[in-house]
There are 2 protein chains.
Amino acid sequence: MARVQAERADAVLALATTFRLHGYEGTSLTAITAQTGLGKGSLYHFFPGGKEDMARAVLDEVGDWFRREVYEPLRADGPADQRLAAMFTAVETYFASRHLVCLFAAFALGQERDRFAAVIAAYFSEWLDALETATGDRELAADTVATLQGALILARALNDPALFPATAARAQSRAQTRARARAHPPLSS
Amino acid sequence: MARVQAERADAVLALATTFRLHGYEGTSLTAITAQTGLGKGSLYHFFPGGKEDMARAVLDEVGDWFRREVYEPLRADGPADQRLAAMFTAVETYFASRHLVCLFAAFALGQERDRFAAVIAAYFSEWLDALETATGDRELAADTVATLQGALILARALNDPALFPATAARAQSRAQTRARARAHPPLSS
DNA sequence: GTCTATACAGCGATAGAC
DNA sequence: GTCTATCGCTGTATAGAC
């Protein structure tokens, strides 16, 4: 079902790349028209709210992806080990193919934070909640998400892409060990 | 020794706050003049290279602080436990009083990353090296710095300042436990 | 739906008086 | 060293033809 006319969904994917490369403030409409191939007319047709509208559409799309591919598997049935494995696989695949940048984290650090505060907070708190559901351990959830996010920063800062999967793998085995210990306590308690 | 005329060092401190609040792209010269109380004339007198020069001065100042208060204690004499404790105390104090933002991390995520790539990489690799010196464990070093940086993001994203010291405290006890286990292996090896 | 032309505010930076 | 005035450019956003 090929289409001649552009679709909003296609534009959102291209926009995600641009925002990942340049951040919110650093992304100009000129860069967007170059990346998407759409003129300003088309862009404002799809996103009447302008640049903020475009960014919001991207965050929504990413949020939906995580809800579907990361949070839901964490809340599914099955042993914690398996649920955690599903999460780590999805997350590692996702960031490896997206320039090792988490848009929510990037937006949380800039002045655009206030503008998107609600959706940023929702992304992370949903993630923490789902991890807590899977492991029964809120602190473990926070440690795990923090390690993953920090590993993304380190990988980017040191220009060492391999650092992310390596750090994520250790976080995974630590999380699985602790979840197992919690499910089957060694002695009493 | 009071002075009437402004000093570059004072300006750098004020600039740090501005860049932390707005990021690099989001910091305008107008915001800088408001925050520092200096006109453009004075700013360009102190920082002939303009905005990039100002940001670089801030990064240098922060880098020096970490070198002195964080990395050196990690390389000092004494048991690993003590060196790690010194690092965590310094880091927690630092970020608690500075809006829970690491400028190097913030700059690493935006489009200004390329401009400051060298100094950003130096900051993190020095930190990792110093931690490896203290613990003898490169992976532990990466996990620790990643957890701290991720905790900063989470605290900011969730607007929950307490999350940072709580997560840092767990990272500290984990690091000390692992460093101890490495220094005094339980059995053979 | 897509284009070109344009409005107009704000940007970083500079000049020159004091 | 600090100020004010101003430059040239780019930013987002809009208007209107097609």
Side-chain angles (χ1 to χ4, degrees), chain A residues 1-59 103 106-107 110-116, chain B residues 1-60 103 106-107 109-116:
Chain A
M1 185 176 170
R3 317 266 228 98
V4 175
Q5 291 181 347
E7 282 198 56
R8 213 185 104 111
D10 298 330
V12 171
L13 292 183
L15 283 166
T17 302
T18 313
F19 282 118
R20 261 186 281 264
L21 286 176
H22 306 119
Y24 182 76
E25 300 290 338
T27 294
S28 66
L29 290 194
T30 306
I32 292 176
T33 57
Q35 181 92 36
T36 60
L38 296 170
K40 294 185 186 177
S42 304
L43 286 171
Y44 275 86
H45 172 73
F46 287 131
F47 309 97
K51 186 170 146 178
E52 172 168 347
D53 205 351
M54 303 176 206
R56 215 169 279 277
V58 170
L59 293 180
L103 268 181
F107 281 23
Q111 79 164 359
E112 65 273 25
R113 186 207 143 187
D114 293 346
R115 210 187 287 246
F116 303 108
Chain B
M1 186 174 170
R3 316 265 228 98
V4 175
Q5 290 182 346
E7 282 199 56
R8 212 185 105 113
D10 299 329
V12 171
L13 292 183
L15 283 166
T17 301
T18 313
F19 282 119
R20 260 187 281 266
L21 285 176
H22 306 117
Y24 182 75
E25 300 290 339
T27 294
S28 66
L29 290 194
T30 306
I32 292 177
T33 57
Q35 181 91 36
T36 60
L38 296 171
K40 293 185 186 179
S42 304
L43 287 171
Y44 276 85
H45 172 72
F46 287 131
F47 310 96
K51 186 170 147 180
E52 172 167 347
D53 205 352
M54 304 177 204
R56 215 169 277 278
V58 171
L59 293 180
D60 283 349
L103 268 182
F107 281 22
L109 291 186
Q111 80 163 0
E112 62 274 24
R113 186 206 143 187
D114 294 346
R115 210 187 287 245
F116 303 108

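Reminder, nothing fancy here: chain letters follow the sequence lines and each chain counts from 1.
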Pairs of donor and acceptor atoms involving the side chains of residues 14-21 of chain A, under 3.5 Å and at least two apart or interchain, shall be tabulated with distances.
unit_1  : atom_1 : unit_2  : atom_2 : d
A/Thr18 : OG1    : A/Ala14 : O      : 3.1
A/Arg20 : NH1    : A/Tyr94 : OH     : 3.4

- Item | Which atom of A/Leu43 lies closest to which atom of A/Ile32, heavy atoms considered | CD1-CG2, 3.6 Å
- ring-ring contact (aromatic ring centres under 6.0 Å, His included) partners of A/Phe116, counting only residues at least two apart: A/Tyr24, A/Phe107
- Rounded distance in Å - CD (B/Gln111) to C1' (D/dG11): 13 Å
- Would you kindly give the CZ-to-P distance between B/Arg8 and D/dT2, to the nearest whole Å? 14 Å
- Message: I need the CG-P distance between A/Leu38 and C/dC3, as an integer number of Å.
- Response: 7 Å
- Message: Among residues at least two apart in sequence or on other chains, which ones pass ring-ring contact (aromatic ring centres under 6.0 Å, His included) with B/Phe47?
- Response: none
- Task: Not counting sequence neighbours, list each pair that qualifies as a salt bridge (Lys or Arg N to Asp or Glu O under 4.0 Å) and has a residue in residues 29-53 of chain A.
- Result: A/Glu52-A/Arg56, A/Glu52-A/Arg115
- For DNA chain C, find the residues of residues 24-37 of chain B with a heavy-atom distance under 4.0 Å and give them by number; none if there aren't any. B/Thr27, B/Ser28, B/Leu29, B/Thr30
- Message: Test of understanding: with side chain to side chain contact (heavy atoms under 4.5 Å, CB included), list the residues that count as partners of A/Ser28, not counting sequence neighbours.
- Response: A/Thr30, A/Ala31
- Query: What is the distance from CZ of B/Phe46 to C1' of C/dA13, rounded to the nearest Å?
  - Reply: 18 Å
For nucleotides 14-16 of chain D, tabulate all protein N/O to nucleotide N/O atom pairs closer than 3.5 Å, reporting atom names and distance.
none

- Item | Verdict with reasoning, B/Asp10 to B/Phe46, per side chain to side chain contact (heavy atoms under 4.5 Å, CB included) | CA-CA 11 Å; B/Asp10 299 329; B/Phe46 287 131; over 6 Å; no
- Message: Output the rounded distance in Å from CG (A/Leu43) to P (C/dT2).
- Response: 9 Å
- Task: Quickly work out the A/Glu7 CD to C/dT2 C1' distance and round it to whole Å.
- Result: 16 Å
- Message: Run the side-chain hydrogen bond (donor to acceptor under 3.5 Å, both in side chains) test against B/Glu25 and tell me which residues pass, sequence neighbours left out.
- Response: B/Gln111
- In whole angstroms, the gap separating P of D/dT12 from CZ of A/Phe19 amounts to 9 Å
